[in-house]
There are 2 protein chains.
Amino acid sequence: MPTIKDVAKKAGVSPSTVSRVVNNHPRISQETREEVLQAMDEIGYHPNVIAQNLVNQTTNTLGLVMAPSTEEAFADPFYAEVLRGIGSMAQKNGYSLLLITGDEEGGELEATLRAVRGKQVDGLLLLRAKKSDKLTDKLNEMNFPFVVVGRPEEEDKNYWVNNDNVQSSKELVEYLINLGHNKIGAFIGSEEYIVDQDRLKGYKLALKSHGIDYNQDYIVQIESGKQEKAYRFTKDLLNSYPELTALYGIDDRIAYGAIKAVKELGFKIPEDIAIVGFNNNPLSELIEPALTTVDINTYELGRKATSLLIQVITEQVTSYCNDIVPTDLIVRESCGGKND
Amino acid sequence: MPTIKDVAKKAGVSPSTVSRVVNNHPRISQETREEVLQAMDEIGYHPNVIAQNLVNQTTNTLGLVMAPSTEEAFADPFYAEVLRGIGSMAQKNGYSLLLITGDEEGGELEATLRAVRGKQVDGLLLLRAKKSDKLTDKLNEMNFPFVVVGRPEEEDKNYWVNNDNVQSSKELVEYLINLGHNKIGAFIGSEEYIVDQDRLKGYKLALKSHGIDYNQDYIVQIESGKQEKAYRFTKDLLNSYPELTALYGIDDRIAYGAIKAVKELGFKIPEDIAIVGFNNNPLSELIEPALTTVDINTYELGRKATSLLIQVITEQVTSYCNDIVPTDLIVRESCGGKND
DNA sequence: TTGAAAGCGCTAACAA
DNA sequence: TTGTTAGCGCTTTCAA
C-alpha cells in the first residue's frame, strides 16, 4: 500500500505538500495540486485513516452502546428502528459507527470504557437508559461527549433525547377513560428502567385527573417484550380481577400476549376487554384486532440523538440540553372507539 | 490522558517494558511487572488503541457492509438477527464491529473501499449478495479478507456462508404440493438478488419433480419486504387467476400483505387459499393465521460467517470454502395440514 | 506557496 | 530481563 511518501516522491514534492492537498488546504498552487492529485491517482494512494486518527486525536466515529446484551438488543424492533435513524444521520455527517455490546450483564460498561479510553470513538450514543447508571457517571466524570436516548435520571446533567413518555402514556390512558374504562390493568416493566416508570406515571396521572382511584393490584410487573409472560400474567390477572375492562401493555409485544390470552379466555376485543400497547411495532397493524398504540417515532429519535451528539462533539452545543420527539396516538381496533 | 511514557517514568522503567507488560510478554520479571501494573493503576493508564492499530497494522475490527441502504437494512429483521449472531461471535473473539452503509444506491461500495484502504478494518462481512457485485471483484483483486453472507455468484472464488435456499424452497413448495396444491402463485424478488433466484429455482424444481407445469404468469416480481405492494399485487393476482389455491411469499412480510388481501377478498385461510412465507420473522407466529414458513437460522448464519471471517483473517483457512446453515420448515396454520 | 523536522502513542529489533 | 532506537503514516509548526 502506497504511503504519502510514495506520492511525494512521485510528484516531486514533500510529504507535507501531499498532506495539504489531501486535506484541501487552501494555500497551495493549482499547479502542484494537480500534479499531486495525478500522482495519487497513478499509484493508487489512499490515506491511512488510522494514522490520521492518531495524529488528529479524533476518529470521526461514534460508539453505539447497546444495553444490556446484543442478543436482546437486536431482537427488539426499537433498536432496529433507532439504528436506522442513527445510521442515516451519522452517514450524512461523515461519521462511522462502532457497535459496542457487552457479553454479559453489565459487560457493556467495560467494553465502552475500553473504546473510550482507547480513543476509538469521539462520542457515544447510549441506547436505553437505566435508572442508576454507572456508565453515565463515569463518562461525565471523564467529561466525555455522549447522548442518552431516553431520559436519564439526572435530567440536567446529561444530554438526552426522548419521547415524553409521561405525557403520551397519560393521553393513551385518557383515551381509554373517555371510552368509559376505569378499571385498567397494566403490565409495566422493571423499576430499573426510566421509560417504564415514566409510562406508569402517565397512567397514574390520567386516573388522577379523572378522579379514578389508583389500584396497585391492577399493575403487574413484567420485562418488556416478554410476550409469553404477558400471556400467562393476563390470564392470572383477569381471573383475579374480573372487573377489569381494559389492559395496557408497556410494549406492543406485551399487548400481543395479552390479546392471545384474552381471546382464549373467551372474551371479545374490544367489546369485553379493550387493549392498548406502546411503541407501534410494525406488526400491530396486522394483528387482529389491530392494536391501538402510541407511535414513538423511533427513527426520528435516532436522528435527533445523533445530530445532538455531533453538535456536542464539535462543541456547537456546550451546556446540557435535551430534545423531545413527539409521539402519536395510533387508534386502531383494539379498543373500539375508532371515531373518538 | 496518560501515555506509556508517563507510566514508564512513574515505574522507573522504559516505555518498552511497559509495553511488554501491557501485552503480556512472557520474558519479564514478576517484580517489574507488578511495579508497572501498579504504576498503570495509579495514574489510570489505558493503551491508546489507535496508536496500537497504527504500529500493529491491524485493528481487530470487522466491517459490516449493509446493502443497499441503512434505511432499508435495519427495517428487515433478517439484519437484526444476523447482527445478533455476528455480534456474539465477534465479541467472543475480541473483535469490534464497524457498521458500513451507503447513503445512496451503491454508496456502500465507496464507503467500504474507504474503510478498507484506510485500514480501518481487518476484514469484511458482506450481508446480502448481489448477482454482479463490483465490491467482491474489487476486494478479491486487493486480496482483502471478506466473507459473503449468502451465496455469491462465483461460488468457488469467495468465502461464503449460506442457507441452501434452493433446497429449502423446494421443500416448502413440495409441502404445498403434498397438501394438494398445484396452482401456486409466488411473489419473488428482483433478478439482481441471488437469494431470490435460488428460491425461485427451488419452486420450479418442486413443480417439476411432481410433474406440474410451471406457469410464468403465476410469478410476480416484488421487492422483498414490501408488504404494501404485496397486498395490492395479491388482489390483482387472485382476480386474474382465480384458480390459484396457494400463495408463496419470498419473505414473511410479503406473506403478511398477501394475508391481509386474501382476507379482504373474503377468502378463508387456509381453506380457500394456503399461504407460506420465508425467513420465519418473529411476527409470523403471532399473525392470524400463524404463518407456515422456513426458519433460515439467521443467528447461526451470522455466527458462522463471523467465525469463518476470523479464520480467514488469522490465516487459519487459506483456500476458498463455504458453509451451509440448515433450515427448518416451520409448519403453522396458514396451510392447514398441521399433521402432515 | 513549499519543505524540514518534530511528534502523535505505541511496538519491536537489536544490543546490552 | 531490560533499554535504546527507529519507525508505523500522518499533520503541523516554523522557517524559507
Side-chain angles (χ1 to χ4, degrees), chain A residues 1-40 43-61 94 96 114-122, chain B residues 1-40 43-61 94 96 114-122:
Chain A
M1 277 268 141
T3 75
I4 208 169
K5 279 186 187 168
D6 301 318
V7 180
K9 203 167 289 173
K10 178 91 181 180
V13 297
S14 77
S16 31
T17 301
V18 178
S19 171
R20 288 187 184 104
V21 338
V22 168
N23 295 290
N24 286 313
H25 191 99
R27 267 205 272 285
I28 203 146
S29 76
Q30 192 55 29
E31 239 181 319
T32 40
R33 161 166 285 129
E34 271 161 20
E35 277 167 13
V36 169
L37 285 173
Q38 196 186 332
M40 277 172 39
I43 63 179
Y45 169 78
H46 295 275
N48 181 318
V49 177
I50 298 295
Q52 290 178 319
N53 290 347
L54 179 60
V55 59
N56 292 331
Q57 303 276 44
T58 174
T59 58
N60 271 281
T61 299
S96 304
R114 217 175 308 130
V116 169
R117 291 166 171 157
K119 297 265 193 299
Q120 293 186 88
V121 293
D122 293 347
Chain B
M1 278 268 142
T3 74
I4 208 169
K5 280 186 187 168
D6 301 318
V7 181
K9 204 166 288 172
K10 178 90 181 179
V13 295
S14 76
S16 34
T17 300
V18 178
S19 171
R20 288 186 184 106
V21 337
V22 167
N23 295 290
N24 285 314
H25 191 99
R27 267 204 273 285
I28 203 149
S29 77
Q30 193 55 30
E31 241 180 319
T32 40
R33 160 166 286 128
E34 271 160 20
E35 276 168 14
V36 169
L37 285 173
Q38 194 185 333
M40 277 171 41
I43 62 180
Y45 168 79
H46 294 275
N48 181 318
V49 178
I50 298 293
Q52 290 179 319
N53 290 347
L54 178 59
V55 59
N56 292 331
Q57 304 275 44
T58 173
T59 59
N60 272 280
T61 300
S96 303
R114 217 175 308 129
V116 168
R117 290 167 171 157
K119 297 265 192 301
Q120 292 186 90
V121 292
D122 293 347

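Just so we're on the same page: letters track the sequence lines, and every chain starts at 1.
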Task: Over all atoms of both residues, closest heavy-atom pair of A/Ala51 and B/Leu54 - done: CB-CD1, 3.8 Å

Open item on the list: On a heavy-atom basis, which atom in B/Ile4 and which in B/Tyr45 lie closest, and how many Å separate them?
Closed with: N-CE1, 3.5 Å

Task: Any donor-acceptor pair under 3.5 Å from A/Thr59 side chain to A/Gln120 backbone - done: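 Checking the backbone N and O of A/Gln120 against the side chain of A/Thr59, a donor-acceptor pair under 3.5 Å is found.
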
Figure out the [atom1]/[atom2] separation between [X] and [N], and round it to whole Å.
X	N	atom1	atom2	result
B/Ile4	C/dT11	CD1	C1'	8 Å
B/Met40	C/dC10	CE	P	10 Å
B/Ile50	C/dT11	CD1	P	13 Å
A/Leu54	C/dC10	CG	P	9 Å
B/Asn23	C/dG9	CG	P	17 Å
B/Asn48	C/dG7	CG	P	18 Å
A/Asn24	C/dT1	CG	P	14 Å
A/Lys5	C/dA5	NZ	P	13 Å

Could you check whether [X] gets within reach of a base, just the sugar-phosphate, or nothing at all, counting any heavy atom under 4.0 Å?
X	value
A/Val13	sugar-phosphate
B/Ser16	base
B/Ile28	sugar-phosphate

Task: Residue among A/Val49, A/Asn48, A/Ile50 satisfying side-chain contact (heavy atoms from CB on, under 4.5 Å) with B/Asn53 - done: A/Ile50

Open item on the list: Testing B/Arg27, B/Arg33, B/His25 one by one against B/Arg20 for a side-chain contact (heavy atoms from CB on, under 4.5 Å), which residue passes?
Closed with: B/His25

Is [X] close enough to [N] that one of its side-chain N or O atoms is under 4.0 Å from OP1 or OP2 there?
X	N	value
B/Gln57	C/dT11	no
A/Thr32	C/dT2	yes
B/Gln52	C/dT11	yes

Task: A/Thr58 and A/Asp122: side chain donor to acceptor below 3.5 Å - done: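 Yes, A/Asp122 and A/Thr58 have a side-chain donor paired with an acceptor closer than 3.5 Å.
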
TODO: Answer yes if the side chains of A/Thr17 and A/Ser14 hold a donor-acceptor pair under 3.5 Å, and no otherwise.
DONE: yes

TODO: Rounded to the nearest 0.5 Å, what's the gap from CD on B/Gln30 to CG on B/Leu37? Could you check?
DONE: 8.5 Å

Task: Helical bend (five base pairs per end, nearest 10°) for the helix from C/dT1-D/dA16 to C/dA16-D/dT1 - done: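 End-to-end axis angle for the helix from C/dT1-D/dA16 to C/dA16-D/dT1: 40°, rounded to 10°.
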
- [ ] Walking along DNA chain D from 5' to 3', note the first and the last nucleotide with an atom under 4.0 Å from a heavy atom of chain B, and give both.
- [x]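 So the contact region on DNA chain D extends D/dT1 to D/dG9.
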
Task: Side-chain touch B/Val21/B/Ile28, heavy atoms, less than 4.5 angstrom - done: yes

Task: Earlier contact from the 5' end, DNA chain D, for B/Asn56 and B/Arg20 - done: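 Per heavy-atom nearest nucleotide, the more 5' residue is B/Arg20.
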
Open item on the list: Test side-chain contact (heavy atoms from CB on, under 4.5 Å) on B/Met40 and B/Val22; report intermediate values, then the result.
Closed with: CA-CA 9 Å; B/Met40 277 171 41; B/Val22 167; 4.1 Å; yes

